[in-house]
Amino acid sequence: MPELPEVETVKRTLAEYLPGLKIKEVTVNQETVINIPDAETFKKELTGTTFTGIDRRGKYLIFSLSWGWKMVVHLRMTGRLVYGESSLPLAKHTHVIFHLSNGYELRFTDQRRFGRIWLVPEGELLRVSGLCTLGPEPLGDEFCREIFLEQLAKRKTRIKPLLLDQNFIAGIGNIYADEILFRSRIHPERTAESLSREEADRLFTEVRKTLEEGVAHRGTTFSDYVDGRGEKGSHQNYLNVYQQQGKKCPRCGAIIERIKVGSRSAYHCPGCQK
DNA sequence: ACAATATCCTGCGAGC
DNA sequence: TGCTCGCAGGATATTG
């Protein structure tokens, strides 16, 4: 599942290739993945534009194009955005193909078709659902320890669903939420307001450290995720609890459990996450 | 303000 | 072997 470290890795890999390349033609095989505008307008407006840069905000990729266009892509669960030679065999579920001026292609594939693409004029990014209400960027300067602690103290909701709330903090998904809570020694069902100063402090530190390590390992590949070159990440080799039910906790030796918290699986150690 | 649930979608594993 | 069923999950909508 592409979360912040995975989306950041896609951004970095694509940034090596795309800037300066012109879109010659766009193929749309699955119109439902284009959120706005309609597929015909999408193809027409993009044809002839040039990639000028790539940014990331939370789990959103934001492509800057000439003529003032911004193309926003959200990979959701199984979306992939891969740059490569046009001669490569077409993967199943290839929904959009950007044919580039150097003969290469940027392909958007998505097995489950949850991913979405928006094309908006510069300055109209607020039309992208979820983007303007996004919480602070955890690896950015705006993620402030004191504000984070204040916000936690005000919330009666359980900490795991709160970490997944993109309006509270951007970029965390189910894998990193469980890993962050394990490293902070906090049980996923604890309420945010119940956290002690020390626990909240650890949580802040581990949010940053865990995501930074995920980026350093070029993301976690469980089943679908690959970077902008089609290559897997390696952070799956460093997970402590996610998908580790039945195994021994690397910290205390207790058996890792899987429970449901807010209708999502939550992997944790009952021995040392209090 | 928060919780619970359904929705979207496909592939996969379990159980029969 | 082949069927059905439930599950996986990010975000949004709806209802309570």
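- Separating the CD atom of A:Glu189 from the C1' atom of B:dA3 is a distance of 14 Å, rounded to the nearest angstrom.
- Spacing between atom CG of A:Asp165 and atom C1' of B:dA1 amounts to 11 Å, rounded to whole angstrom units.
- Within the 4.0 Å cut-off from OP1 or OP2 of C:dG9, not a single side-chain nitrogen or oxygen of A:Ser263 is found.
- Listed nucleotides B:dC9, C:dT12, B:dG11 differ in distance to A:His93; the shortest reach to its side chain belongs to B:dG11.
- In this model, the phosphate group of C:dA11 is approached by a side-chain N or O of A:Lys59 to a distance below 4.0 Å at OP1 or OP2.
- Comparing B:dT10, B:dC2, C:dT12 against the side chain of A:Thr157 picks out B:dC2 as the nearest.
- Distance from the side chain of A:His74 is smallest for C:dG10 among the nucleotides C:dG10, B:dT5, B:dT10.
- OP1 and OP2 of C:dG10 both lie 4.0 Å or more from every side-chain N or O belonging to A:Tyr225.
- Side chain of A:Lys92, nearest nucleotide from B:dA3, C:dG9, B:dG11: B:dG11.
- Just one residue in the list A:Lys11, A:Arg12, A:Arg218, A:Arg80 forms a salt bridge (charged side-chain N to carboxylate O under 4.0 Å, His left out) with A:Asp227, and that residue is A:Arg218.
- The side chain of A:Gln166 places no N or O atom within less than 4.0 Å of a non-bridging phosphate oxygen (OP1 or OP2) of C:dG10.
- Taking atom CZ of A:Phe168 as the reference point, atom P of C:dT12 lies 17 Å away to the nearest angstrom.
- Regarding A:Arg155, its CZ atom lies at a distance of 4 Å from the P atom of B:dC2, rounded to whole Å.
- Among B:dC2, C:dG10, C:dT12, the nucleotide with an atom closest to any side-chain atom of A:Tyr60 is C:dT12.
- Distance from the side chain of A:Arg76 is smallest for C:dA11 among the nucleotides B:dG11, B:dT10, C:dA11.
- Atom CG of A:Asn237 is surrounded by more than 12 heavy atoms from other residues, nucleotides or ligands within 6.0 Å.
- The distance between the ring centers of A:His268 and A:Phe182 does not fall below 6.0 angstrom.
- Contacts of A:Ser265 with the nucleic acid, taken as non-hydrogen atoms under 4.0 Å apart, involve only primed sugar atoms and P, OP1 or OP2.
- Straight-line distance from the CZ atom of A:Arg80 to the P atom of B:dG11: 13 Å, rounded to whole Å.
- An end-to-end axis angle of 50° holds for the helix from B:dC2-C:dG16 to B:dC16-C:dG2, taken from five base pairs per end and rounded to 10°.
- Side-chain atoms of A:Arg116 and A:Thr32 include no donor-acceptor pair closer than 3.5 Å.
- With respect to the salt-bridge test (charged N to carboxylate O, under 4.0 angstrom), the residues A:Glu146 and A:Arg197 qualify.
- Atom CZ of A:Arg57 is separated from atom P of C:dA11 by 12 Å (rounded to the nearest Å).
- Judged by distance alone with a 3.5 Å cut-off, a donor-acceptor contact links the side chain of A:Arg264 to the base of C:dG10.
- A:Phe114 does not qualify as a stacking partner of the C:dA11 base, lacking a centre-to-centre distance under 5.5 Å together with planes within 30°.
- At whole-Å resolution of the value, CE in A:Met1 and P in C:dC7 are 17 Å apart.
- Distance, A:Leu131 CG to C:dG10 P: 18 Å, rounded to whole Å.
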